[in-house]
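In what follows, chains carry the letters A, B, and so on, assigned in the order in which the sequence lines appear, proteins first and then strands, with residues in each chain numbered from 1.
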Amino acid sequence: MTPVGPAVRAPSMGLIMNLEALLSARLAPALAEVARAAVDPAVRRSRHADFQSGAVLSLAGRLGRPPRDVAQEVAARSDLDGLARIEVSGPGFLNLTLADEPIAAAVNDLAADARLGVPPAGRPETLVVDYSSPNIAKELTVGHLRSTVIGDSLARTLAWLGHDVVRANHVGDWGTAFGMLIEHLLDHGASGAPRLGDLTGFYRAARARFDADEEFRNRSRLRVVRLQAGDEETLRLWRGYVAESRRYLLAAYERLGVTLTEAHFAGESTYQDALPDVVAELAGKGLLTESDGALCAFPAGFTGRDGEPLPLIVRKSDGGFGYAATDLAALRHRVRELGATRLLYVVGAPQRTHFRMVYAVAAAAGWLPEGVTAEHVAFGSILGADGKMFRTRSGDSVKLADVLDEAIARASALGAGPEAAQAVGVGAVKYADLAGDRRNDYVFDWDRMLALTGDTGPYLQYAYARIRSLLDRATDAPGPVVPCHPAERALALELLAFAPVVHSVGETLEPHRLAGYLHGLASSFSGFYQNCPVLRAPDDVRASRLALCALTGRTLRQGLDLLGIAAPAAL
RNA sequence: GCGCUCGUAGCUCAGCGGAUAGAGCAACGGACUUCUAAUCCGUCGGUCGCAGGUUCGAAUCCUGCCGGGCGCGCCA
């Protein structure tokens with residue numbers, strides 16, 4: 001039995017595993033000689049060879065020489081002995097085909113590295129990832145899916161890269177709605193709390209009474225005043241309500257396989273005490289203007305419907321604080337108290353203007369000093385088959401619990417066992433959300449996301465389970481990798497591409513790059529599996545292929561884990 | 001009206017300054033006395049919305065137009 005367990009050796013320095021860097025280092029001197037200046041070799045993977053360099057194309061223009069001539073000269077001056085073969089191709093590309101030995105050496109290093117070639121960040125940052133952030137008075141819907149899934153994947157990835165990640169669940173746990181909710185609660189058993197799982201029904205009932213019953217409406221308003229004034233009895237009721245909602249949310253997160261816990265709640269109520277000071281500080285810096293009774297900031301460059309400056313309303317005309325004030329308070333706290341240097345807000349694209357304004361005001365207030373960045377990690381909407389917002393037939397938003405129930409039921413129908421069905425169903429939904437560019441809308445389609453073949457979660461999970469099954473049946477240990485078949489070579493190169501992809505996700509905050517990579521890796525593995533017998537291969541070849549299987553398994557599992565998708569050992 | 005964003009193969013999407021624009025699905029044609037066929041290989045399929053411009057080179061950058069989505073003062 002050969003478990004797909006973590007390797008034992010400490011991470012190496014990584015250079016030998018980074019073929020792009022290796023090739024760049026060997027190409028750079030020749031380029032510098034020809035150009036008489038440093039030139040980025042721009043080594044990329046290529047379908048015409050293992051790697052290519054397009055550096056000559058732009059260089060030739062600057063030198064005023066034909067690109068192919070320059071490429072010939074660079075090729076002739078390059079010392080790639082023992083590493084790769086170089087040839088000029090097309091308009092002036094340098095095609096690089098690696099020798100088998102460096103590939104083998106790199107893959108063997110990779111196999112011995114517990115971190116799969118990804119060194120921990122040399123310059124760790126403290127960053128806050130603000131994600132999920134539902135209103136606690138209502139159940140989770142598909143509307144919360146994207147922020148929760150994308151944010152969790154980014155938090156996992158950045159943490160694994162070695163950064164200090166602070167997860168922030170900016171839940172809506174404060175505001176005028178709580179007056180009516182508390183009054184409704186009192187009318188239905190003073191000690192009671194809303195029944196777990198029926199938050200929406202409770203909210204709707206309270207809302208209906210608020211709209212229809214003037215007496216109830218007045219009581220609710222008074223209750224809001226008492227809540228904001230810190231009335232102890234009111235606060236006790238509010239805390240009970242919030243606690244119950246949190247329990248519900250945590251159960252939902254656990255089912256979704258999301259890493260958010262009790263410790264990550266940082267709701268709007270957290271910042272209430274700081275709001276007067278936020279206003280005072282902004283006013284002190286001359287950033288606030290009174291307009292129609294409200295205190296507003298008017299950051300430059302934002303105009304509204306009539307071409308008039310667009311306000312960011314910090315304090316409402318009734319003296320209450322809006323969400324802009326809370327967002328500003330949270331931002332200030334994250335930079336000042338938490339020491340964050342990178343703030344991520346995983347929030348839907350429609351709020352783009354709002355966040356740009358918040359960041360502009362924060363910058364003007366000096367809360368985003370040099371070296372500290374705030375980024376709106378925007379994402380598109382989930383659409384139904386009709387191309388419109390994904391809703392139920394009656395027009396309501398779709399409950400997340402219902403989506404997961406159906407996903408799991410459909411996974412069961414495919415033949416997955418009970419435990420696997422949960423992993424496959426939830427994984428399919430999450431993968432579908434992560435597989436495309438997050439900025440684009442996508443169409444929610446059961447049949448596509450649960451397809452066993454194609455770019456789907458189930459396909460990746462199957463590839464992993466198949467590897468586990470194979471390794472479980474192996475009776476001897478993996479040995480050194482010696483790629484000989486083209487499919488082994490292709491798989492090895494694919495495995496070596498894991499680290500650059502993970503880094504690019506950390507920089508671009510685009511998990512779909514990792515998803516696409518994993519699909520390519522699983523495809524490469526399938527090609528290898530098809531062409532290269534493992535268990536019935538001769539001893540030395542078997543050891544090599546078992547090592548490739550084990551490494552592919554570890555890479556798939558780690559990659560899926562960074563996406564937040566479970567990888568069961570068997571389906 | 002102003003602003004943002006998107007328009008790539010029948011469908012769903014990658015690619016976002018470089019070689020004949022890729023993948024998955026669908027369609028069609030192959031490969032199984034299988035190391036789990038929940039697989040693999042091949043074929044078909046695109047004036048990259050339209051028109052200009054910048055560039056040695058544009059799906060990719062700029063401008064305009066057409067079409068869809070979203071946003072534009074006390075909800076978050």
Does the pair A:D211 and A:R217 meet the rule for a salt bridge (charged side-chain N to carboxylate O under 4.0 Å, His left out), with working shown? CA-CA 7 Å; A:D211 290 339; A:R217 194 153 53 233; 5.7 Å; no
Could you identify which residues of residues 426-435 of chain A place a heavy atom less than 4.0 Å from some atom of RNA chain B, listed by residue number, or say none? none
Near RNA chain B, under 4.0 Å by heavy atom, which residues of residues 484-495 of chain A? none
With a non-hydrogen cut-off below 4.0 angstrom, is [X] in contact with a base, only sugar-phosphate, or nothing?
{"X": "A:D437", "answer": "sugar-phosphate"}
{"X": "A:L312", "answer": "nothing"}
{"X": "A:A465", "answer": "base"}
{"X": "A:S58", "answer": "base"}
{"X": "A:V534", "answer": "base"}
{"X": "A:Y442", "answer": "sugar-phosphate"}

Atom [atom1] of [X] and atom [atom2] of [N]: how far apart are they, to the nearest Å?
{"X": "A:F528", "N": "B:C41", "atom1": "CZ", "atom2": "C1'", "answer": "18 Å"}
{"X": "A:N531", "N": "B:C41", "atom1": "CG", "atom2": "P", "answer": "8 Å"}
{"X": "A:D445", "N": "B:U12", "atom1": "CG", "atom2": "P", "answer": "9 Å"}
{"X": "A:L460", "N": "B:A38", "atom1": "CG", "atom2": "P", "answer": "17 Å"}

In B/S/- notation (B base, S sugar-phosphate only, - none; protein heavy atoms under 4.0 Å), nucleotides 67-76 of chain B written 5' to 3' is ---SSBBBSB
Under the side-chain contact (heavy atoms from CB on, under 4.5 Å) test, which residues partner A:R356, sequence neighbours left out? A:F302, A:R352
Give a yes/no verdict on a cation-pi contact between A:R167 and A:Y131, requiring under 6.0 Å between NZ or CZ and the six-membered ring centre and an angle within 45° of the axis. no
Rounded to the nearest 0.5 Å, what separates atom [atom1] in [X] from atom [atom2] in [Y]?
{"X": "A:N135", "Y": "A:Y203", "atom1": "CG", "atom2": "OH", "result": "7.0 Å"}
{"X": "A:S220", "Y": "A:R207", "atom1": "OG", "atom2": "CZ", "result": "9.5 Å"}
{"X": "A:Q72", "Y": "A:I86", "atom1": "CD", "atom2": "CD1", "result": "9.5 Å"}
{"X": "A:F355", "Y": "A:H376", "atom1": "CZ", "atom2": "NE2", "result": "5.5 Å"}

Cut-off 3.5 Å, no hydrogens considered: what does the side-chain donor-acceptor table look like for residues 42-57 of chain A, sequence neighbours left out?
| unit_1 | atom_1 | unit_2 | atom_2 | d |
| --- | --- | --- | --- | --- |
| A:R45 | NH1 | A:E494 | OE1 | 3.2 |
| A:S46 | OG | A:H48 | N | 2.9 |
| A:S46 | OG | A:Q52 | OE1 | 3.1 |
| A:D50 | OD1 | A:R489 | NH1 | 3.1 |
| A:D50 | OD2 | A:L98 | N | 2.9 |
| A:D50 | OD2 | A:R489 | NH1 | 3.3 |
| A:D50 | OD2 | A:R489 | NH2 | 2.8 |
| A:S53 | OG | A:P41 | O | 2.6 |
| A:S53 | OG | A:A55 | N | 3.3 |

A side-chain contact here means heavy atoms from C-beta on lying under 4.5 Å apart; do [X] and [Y] qualify?
{"X": "A:R473", "Y": "A:S469", "value": "yes"}
{"X": "A:L548", "Y": "A:E488", "value": "yes"}
{"X": "A:Y359", "Y": "A:P299", "value": "no"}

On a heavy-atom basis, the closest approach of A:R68 and A:S89 is NH1-C, 3.8 Å
[atom1] spacing across the pair [N] / [M], given as an integer number of angstrom:
{"N": "B:G24", "M": "B:A19", "atom1": "C1'", "value": "25 Å"}
{"N": "B:G67", "M": "B:G49", "atom1": "C1'", "value": "8 Å"}
{"N": "B:A21", "M": "B:G57", "atom1": "C1'", "value": "15 Å"}

Derivation of the ring-ring contact (aromatic ring centres under 6.0 Å, His included) call for A:F528 and A:F525: CA-CA 5 Å; A:F528 157 79; A:F525 178 78; 5.6 Å; yes
Given B:U39, is OP1 or OP2 found less than 4.0 Å from the side-chain N or O atoms of A:S526? no
Only pairs under 3.5 Å count here: list side-chain donor-acceptor contacts from residues 427-441 of chain A, not counting sequence neighbours, and write none if there are none.
| unit_1 | atom_1 | unit_2 | atom_2 | d |
| --- | --- | --- | --- | --- |
| A:K430 | NZ | A:L256 | O | 2.8 |
| A:K430 | NZ | A:G257 | O | 3.1 |
| A:K430 | NZ | A:G564 | O | 2.6 |
| A:Y431 | OH | A:D455 | OD1 | 2.5 |
| A:Y431 | OH | A:A515 | O | 3.0 |
| A:D433 | OD1 | A:R146 | NE | 3.1 |
| A:D433 | OD1 | A:Y442 | OH | 2.5 |
| A:D433 | OD2 | A:R146 | NE | 3.2 |
| A:D437 | OD1 | A:R439 | N | 2.9 |
| A:D437 | OD1 | A:R439 | NE | 3.2 |
| A:R438 | NE | A:A378 | O | 2.8 |
| A:R438 | NH1 | A:L509 | O | 2.5 |
| A:R439 | NH2 | A:E510 | OE2 | 2.2 |
| A:D441 | OD1 | A:S381 | N | 2.7 |

For A:N95 and A:L470, find the nucleotide of RNA chain B closest to each by heavy atoms; which residue's nucleotide sits nearer the 5' end? A:N95
Donor-acceptor pairs under 3.5 Å, side chain of residues 311-332 of chain A to any protein atom, not counting sequence neighbours: which ones?
| unit_1 | atom_1 | unit_2 | atom_2 | d |
| --- | --- | --- | --- | --- |
| A:D318 | OD1 | A:G320 | N | 2.7 |
| A:T326 | OG1 | A:G322 | O | 3.4 |
| A:D327 | OD2 | A:H354 | NE2 | 2.7 |
| A:R332 | NH1 | A:D277 | OD2 | 2.9 |
| A:R332 | NH1 | A:E281 | OE1 | 2.7 |
| A:R332 | NH2 | A:D277 | OD2 | 3.1 |

Applying side chain to side chain donor-acceptor pair (under 3.5 Å), name anything that partners A:T270, two or more places apart in sequence or on another chain. none
Just to verify, what does A:W238 make a side chain to side chain donor-acceptor pair (under 3.5 Å) with, not counting sequence neighbours? none
Counting Watson-Crick and G-U wobble pairs with both distances under 3.5 Å, what is the dot-bracket string for RNA chain B, 5' to 3', using [ ] for crossing pairs and | for pairs to another strand? (((((((..((((....[...)))).(((((.......))))).....(((((..]....))))))))))))....
Protein-nucleic acid N or O pairs under 3.5 Å, nucleotides 25-33 of chain B:
| unit_1 | atom_1 | unit_2 | atom_2 | d |
| --- | --- | --- | --- | --- |
| B:C25 | OP1 | A:T453 | OG1 | 2.7 |

So if I take every side-chain heavy atom of A:S89 and compare against B:A14, B:U12, B:A19, which nucleotide ends up nearest? B:A19
Closest to side chain of A:S46, choosing from B:A19, B:G22, B:U36: B:A19
Does the side-chain ring of A:F93 sit on the six-membered ring of the B:A19 base, less than 5.5 Å centre to centre and under 30° in tilt? yes
When you compare the protein's N or O atoms with those of nucleotides 4-6 of chain B, which come within less than 3.5 Å of each other, and at what distance?
| unit_1 | atom_1 | unit_2 | atom_2 | d |
| --- | --- | --- | --- | --- |
| B:C4 | O2' | A:R352 | NE | 3.3 |

Looking at A:L154, A:L562, A:L563, which one forms a side-chain contact (heavy atoms from CB on, under 4.5 Å) with A:V505? A:L154
CA sep, side-chain torsions, deciding dist, call: A:S133, A:V171, side chain to side chain contact (heavy atoms under 4.5 Å, CB included): CA-CA 4 Å; A:S133 308; A:V171 295; 5.7 Å; no
